[in-house]
Amino acid sequence: MIDLLNRHPDAFIACALILGLLAGSFISVLAWRLPKMLEQDWQAQARDVLDLPELTKAPVYNLLRPRSHCPNCRHPLRARETIPLLSYLFLRGKCSHCKTAIGLRYPLTELTCAALSAFVAWHFGFGAQAGWMLLLTWGLFAICLIDTEHQIVPDLLVFPLLWLGLLLNSFSLFTTLEQAVWGAALGYASLWSVFWMFKLITGKDGMGYGDFKLLAVLGAWGGVAVLPLTILLSSLLGAAVGVGLLALRRARTSTPIPFAPYLAIAGWIALLWGGQITGLYWQISV
């Protein structure tokens with residue numbers, strides 16, 4: 001099987017596409033349930049700190065329980081109703097029980113994840129780099145969805161990716177270990193410094209600590225070299241979206257805008273094309 005995937009790039013890309021569909025289905029569940037799980041955990045910790053009694057025993061809620069169900073009629077989904085993308089098409093975008101429309105976010109998440117996965121497989125070709133980059137891509141995608149909707153960057157996702165990047169680069173998979181360590185440290189320190197400068201000047205929080213950690217993750221995977229381009233691209237993306245929302249009157253100047261999605265997108269681009277983009281810049285500027 002390994003030899004087949006190595007000799008036939010199209011087969012590897014097809015496998016990555018299928019894996020991406022499956023990963024996208026899981027990410028849909030993760031992006032929906034993890035924030036609720038974190039909220040329950042924070043409430044439990046607060047009760048412990050304040051020594052408050054638990055009024056009612058909360059039902060088990062995690063990534064496995066309760067079973068996936070229709071949010072309208074609570075109809076439990078059968079196995080054939082959870083096949084990525086195909087189930088949506090077969091059901092014609094409606095619950096099989098109450099006929100309520102299924103949100104487009106589910107098939108779009110699966111399609112996007114599949115497309116990104118296939119592209120990573122095409123870009124890197126069969127090998128360890130592609131395999132691990134798929135995992136990072138799925139993690140960044142999940143962080144994007146969660147931060148966009150809930151404005152949190154869960155440590156449960158960030159820290160494993162941070163340590164994984166450092167461990168992989170101990171074998172110089174994407175960069176040297178020295179570059180990875182410095183990338184993680186400077187990635188965190190750079191946004192941490194901006195945060196405190198902004199806070200001292202305005203008295204307000206300009207971003208969350210999750211953004212520092214996410215840039216540290218990208219530095220751990222790509223080294224110091226990816227940081228300038230990531231910061232530049234994410235700032236441009238964030239500014240463009242912010243101006244667009246203001247122009248459409250869908251936001252005010254005081255409306256908080258999640259920054260992690262722009263960091264994730266910019267960092268992903270820098271990891272794939274950082275060298276080429278930087279080289280092109282120097283060619284044009286010289």
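Quantities reported herein were computed from a predicted structural model and do not represent experimental measurements. Just so you know, residue 1 is the first one in the sequence shown, and it goes up from there.
Rounding to the nearest 0.5 Å places CD of Glu39 at 12.0 Å from CG of Leu34. Separation of atoms CG (Leu134) and SG (Cys113) is listed at 8.5 Å; rounding is to 0.5 Å. Taking CZ of Phe174 as the start and CG of Asn169 as the end, the distance is 7.5 Å to the nearest 0.5 Å. Once rounded to the nearest 0.5 Å, the distance linking CG of Asp147 with CG of Asp211 reads 6.5 Å. To the nearest 0.5 Å, the span separating CG on Leu191 from OG on Ser234 amounts to 7.5 Å. Between the CD1 atom of Ile265 and the CG atom of Leu233 there is a distance of 10.5 Å, given to the nearest 0.5 Å.
Partners of Phe195 by ring-ring contact (aromatic ring centres under 6.0 Å, His included), not counting sequence neighbours, listed by chain and number: Tyr209, Phe212. Residues passing the side chain to side chain contact (heavy atoms under 4.5 Å, CB included) test with Ser172: none are found, sequence neighbours excluded. For Gln129, the side chain to side chain donor-acceptor pair (under 3.5 Å) test picks out no residue, with sequence neighbours left out. For Phe198, there are no ring-ring contact (aromatic ring centres under 6.0 Å, His included) partners, not counting sequence neighbours. Residues meeting the side chain to side chain donor-acceptor pair (under 3.5 Å) test with Thr176, sequence neighbours left out: none. Residues satisfying the salt bridge (charged side-chain N to carboxylate O under 4.0 Å, His left out) criterion with Glu178, sequence neighbours excluded, are absent altogether. Residues passing the salt bridge (charged side-chain N to carboxylate O under 4.0 Å, His left out) test with Arg80: none are found, sequence neighbours excluded. A search for ring-ring contact (aromatic ring centres under 6.0 Å, His included) contacts involving His123 returns Trp273, not counting sequence neighbours.
The cluster map of Ile, Leu, Val, Met, Phe, Trp and Tyr, joined by side-chain heavy atoms under 4.5 Å apart, puts Tyr188 and Trp196 in the same cluster. Linking Ile, Leu, Val, Met, Phe, Trp and Tyr whenever their side-chain heavy atoms come within less than 4.5 Å leaves Leu232 and Leu271 in two separate clusters. The hydrophobic cluster containing Leu272 also contains Val226, counting ILVMFWY residues as joined when their side-chain heavy atoms lie under 4.5 angstrom apart, directly or transitively. Put simply, Tyr88 and Val29 are part of two different groups of oily side chains (I, L, V, M, F, W, Y) that touch within less than 4.5 Å, one to the next.
Judged by distance alone, the side chain of Thr82 and the main-chain N or O of Ala79 form a donor-acceptor pair under 3.5 Å.
Residues Leu168 and Trp221 have side chains in contact (heavy-atom distance under 4.5 Å, counting atoms from C-beta outward). Residues Ser190 and Leu215 meet the side-chain proximity criterion, which asks for heavy atoms closer than 4.5 Å. Counting heavy atoms from C-beta outward, Leu116 and Phe119 have side chains that stay 4.5 Å or more apart. The shortest distance between side-chain heavy atoms of Ile143 and Val217 does not fall below 4.5 Å. A 4.5 Å side-chain heavy-atom check between Leu263 and Phe259 finds at least one atom pair inside the cut-off.
Screening residues 86-96 for salt bridge (Lys or Arg N to Asp or Glu O under 4.0 Å), with sequence neighbours left out, gives no hits.
When all heavy atoms of Pro84 and Leu21 are compared, the pair lying nearest together is CB-O, 3.6 Å. Scanning both residues, Phe12 and Ala130, for their nearest heavy atoms gives CZ-CB, 3.8 Å. Residues Leu218 and Gly267 share a closest heavy-atom pair of CD1-CA, 3.7 Å. Nearest approach of Thr109 to Leu145, heavy atoms of both residues: CG2-CD1, 3.9 Å. Residues Ala114 and Leu17 approach most closely at CB-O, 3.6 Å, considering heavy atoms.
Donor-acceptor pairing under 3.5 Å is recorded for the side chains of Ser117 and Trp138. A side-chain donor-acceptor contact under 3.5 Å links Asp41 and Gln45.
Grouped with Ile83 in one hydrophobic cluster are Leu86, Phe90, the linkage being side-chain heavy-atom contacts under 4.5 Å among Ile, Leu, Val, Met, Phe, Trp and Tyr residues.
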Under 3.5 Å, which donor-acceptor pairs link side chains of residues 153-161 to any protein atom two or more places apart or in another chain?
residue	atom	partner	partner atom	Å
Asp155	OD1	Lys213	NZ	2.8
Asp155	OD2	Lys213	NZ	3.3

Tell me which donor-acceptor pairs under 3.5 Å the side chains of residues 235-247 have, and how far apart each pair is, sequence neighbours excluded?
residue	atom	partner	partner atom	Å
Ser235	OG	Ile231	O	2.7

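Between Arg105 and Glu110 there is no salt bridge, since no side-chain N of the basic residue sits under 4.0 Å from a carboxylate O of the acidic one.
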